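These notes concern the structure reproduced below.
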Amino acid sequence: MEVKRQAARSLVQRLSSESERIRTDATCELRLLSKHDPDSRLFIAEAGAVPLLVQSLYSVEANAQENAVATLFNISISHREPLMSMPVLVDALGHVLRHPKSPSAAQTAAATLHSLLVVDAYRPIIGSKPHLLTPLIHLIQYSDSPTRSIKDGLKALFGVSLYPLNRSRLVELGVVPPLFNLVVKDSRIGIVEDSTAVIAQVAGCYESVEAFRQVAGVKVLVDLLDVSTGSTIRVKENAVSALLNLLQCGGVDAGEDVREMGFAWDGILEVAETGSAKAKTRANDLLNLIGERERRFGTYPASSPS
C-alpha cells in the first residue's frame, strides 16, 4: 500500500508543475490509475489532488478537462466525502456542464453528480444550485446529445428529485417538457425507463399539476399503461408512481385529471398483479384513490376489475 501511496503523491505533485504538458500527462495517468486501481483513489485524494483537479475543470483544453473530471468521477465511486468537503467542486462541475470542451466531459460531469447524489445529505446541497440544475436539464433536452449523456443526465436529475424540496425547483426550471418529450419521441433503449423514473419523482410536488397539464402529461402516462403500447413493466410501474404522486400532491386541483386516469384502470391492475412488491402497493393505493376521487367528482373508470 505504501508503494501505491507514494505513486499517487508523485503524480499529484506533477499537477503543480509549471509545464502544461507535465500537468496534462499527470492528469491522464491519474485518470488511468484511479480507474484501474480502486485502492489508489483515497491516496490520490489524500495527496491533495482534488483542488488541483478542480482547477483543471476550467481548462480550455479538452484533454485536460476530460481527464480531470474522469479522475474526480473515479474518486467519487469510492470516496465522496473528500470531494464534497470542497464546496467549489460542485460549482466547477456546473461549469463543465455549461462549457464542456467535449460531449464526454459533460457526460462524465453528470455521472459524477449522480455518484455524489447517492448520499442523502448531498441532495439538498446540489439541488439548491439552479446554475447546476439548468445545464443538466439542457443535457437531456437536445436530441443530438449522445445516449450515454442523456442517461447520465437523467440519473443525476433522479438523484436530485429524491429530495422532496428539490422537485418544485426542477419544475420551475422547466424539467417537465423535456422529460415528456423524451418519453414521446426518443426510442433509444432505456431512455423511456429513466425518463419516467424522474417523472415519477417530480410528480411529487404541487407545482407538477399544472406543469403536467401543459404537456398532456397524464394522457401520456395513461397511454404508457395501455397494453397495446408495449411498455415494459418498469415503465408501467413508473407511470403508476407518477399518477399516484400527482393525485396525492395535487389535492383538489388534480381532481379534473381523474377522468383521464380512469382509462388506465387495466394497466394499473396489471402492475398491481405483476409488479414488484412496492409497485403492487402503489398500484393498489392508486386504484383506491381513483375510486375515491371518482365518487367525489362523479366519474367512472373506462373498465372495471373482474
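Note that the structure is predicted; figures quoted are calculated from it, not measured.
- For the residue pair Thr147 and Arg188, a side-chain donor N or O sits within less than 3.5 Å of a side-chain acceptor on the partner.
- With sequence neighbours excluded, the residues satisfying side chain to side chain donor-acceptor pair (under 3.5 Å) with Ser78 are Arg41.
- For the residue pair Ser34/Asn74, the side-chain donor-acceptor check at 3.5 Å is satisfied.
- Listed by chain and number, the residues in a side chain to side chain donor-acceptor pair (under 3.5 Å) with Ser241 are Arg282 (sequence neighbours excluded).
- With a 4.5 Å cut-off on side-chain heavy atoms, Gln201 and Arg167 count as touching.
- Residue pairs satisfying the ring pair (Phe, Tyr, Trp, His ring centres under 6.0 Å) criterion with at least one member in residues 6-57, sequence neighbours excluded, are absent.
- Side-chain contact between Ile150 and Leu139 is absent, with no heavy atoms from C-beta onward closer than 4.5 Å.
- The local environment of NZ in Lys35 is sparse, with at most 12 non-hydrogen atoms from other residues, nucleotides or ligands closer than 6.0 Å.
- Residues Phe212 and Val176 have side chains in contact (heavy-atom distance under 4.5 Å, counting atoms from C-beta outward).
- Side chains of Leu11 and Ile44 form no contact here, defined as non-hydrogen atoms less than 4.5 Å apart.
- Side-chain contact of Asn67 with Asn63: a donor-acceptor pair under 3.5 Å is present, judged by distance alone.
- Looking at Lys155 and Asp194, no side-chain N of the basic residue comes within less than 4.0 Å of a carboxylate O on the acidic one, giving no salt bridge.
- A donor and an acceptor atom, one from each side chain of Glu61 and Gln65, are nowhere located under 3.5 Å apart.
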Please report, to 0.1 Å, the donor-acceptor pairs under 3.5 Å made by any side chain of residues 49-58, with sequence neighbours excluded.
from, atom 1, to, atom 2, distance (Å)
Ser56, OG, Leu52, O, 3.4

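- Ion pairing between Asp285 and Lys280 fails under the 4.0 Å rule for side-chain N and carboxylate O.
- Side-chain contact between Val220 and Val183: present, with at least one pair of heavy atoms (C-beta onward) separated by less than 4.5 Å.
- A salt bridge is absent between Arg169 and Glu172; no separation between the charged side-chain nitrogens and carboxylate oxygens falls under 4.0 Å.
- A donor-acceptor pair shorter than 3.5 Å can be found between the side chains of Thr229 and Ser231.
- Applying the ring pair (Phe, Tyr, Trp, His ring centres under 6.0 Å) test to pairs two or more places apart or on separate chains, those with a residue in residues 97-132 are His95-His99.
- Side-chain contact between Val202 and Val198 is present, with at least one heavy-atom pair separated by less than 4.5 Å.
- With contacts defined as side-chain heavy-atom distances shorter than 4.5 Å, the pair Val218/Arg213 does not qualify.
- Between Asp37 and Lys4 there is a salt bridge, since at least one side-chain N of the basic residue sits less than 4.0 Å from a carboxylate O of the acidic one.
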- Ser102 and Glu66: side chain to side chain donor-acceptor pair (under 3.5 Å), yes or no, with the steps? CA-CA 8 Å; Ser102 69; Glu66 286 179 13; 2.5 Å; yes
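- In this structure, Arg23 does not pair ionically with Glu18, as no charged nitrogen and carboxylate oxygen lie closer than 4.0 Å.
- Each ring pair (Phe, Tyr, Trp, His ring centres under 6.0 Å) pair with one or both residues in residues 182-207, not counting sequence neighbours, would appear here, but there are none.
- Between Glu2 and Arg5 there is a salt bridge, with a side-chain nitrogen of the basic residue lying less than 4.0 Å from a carboxylate oxygen of the acidic one.
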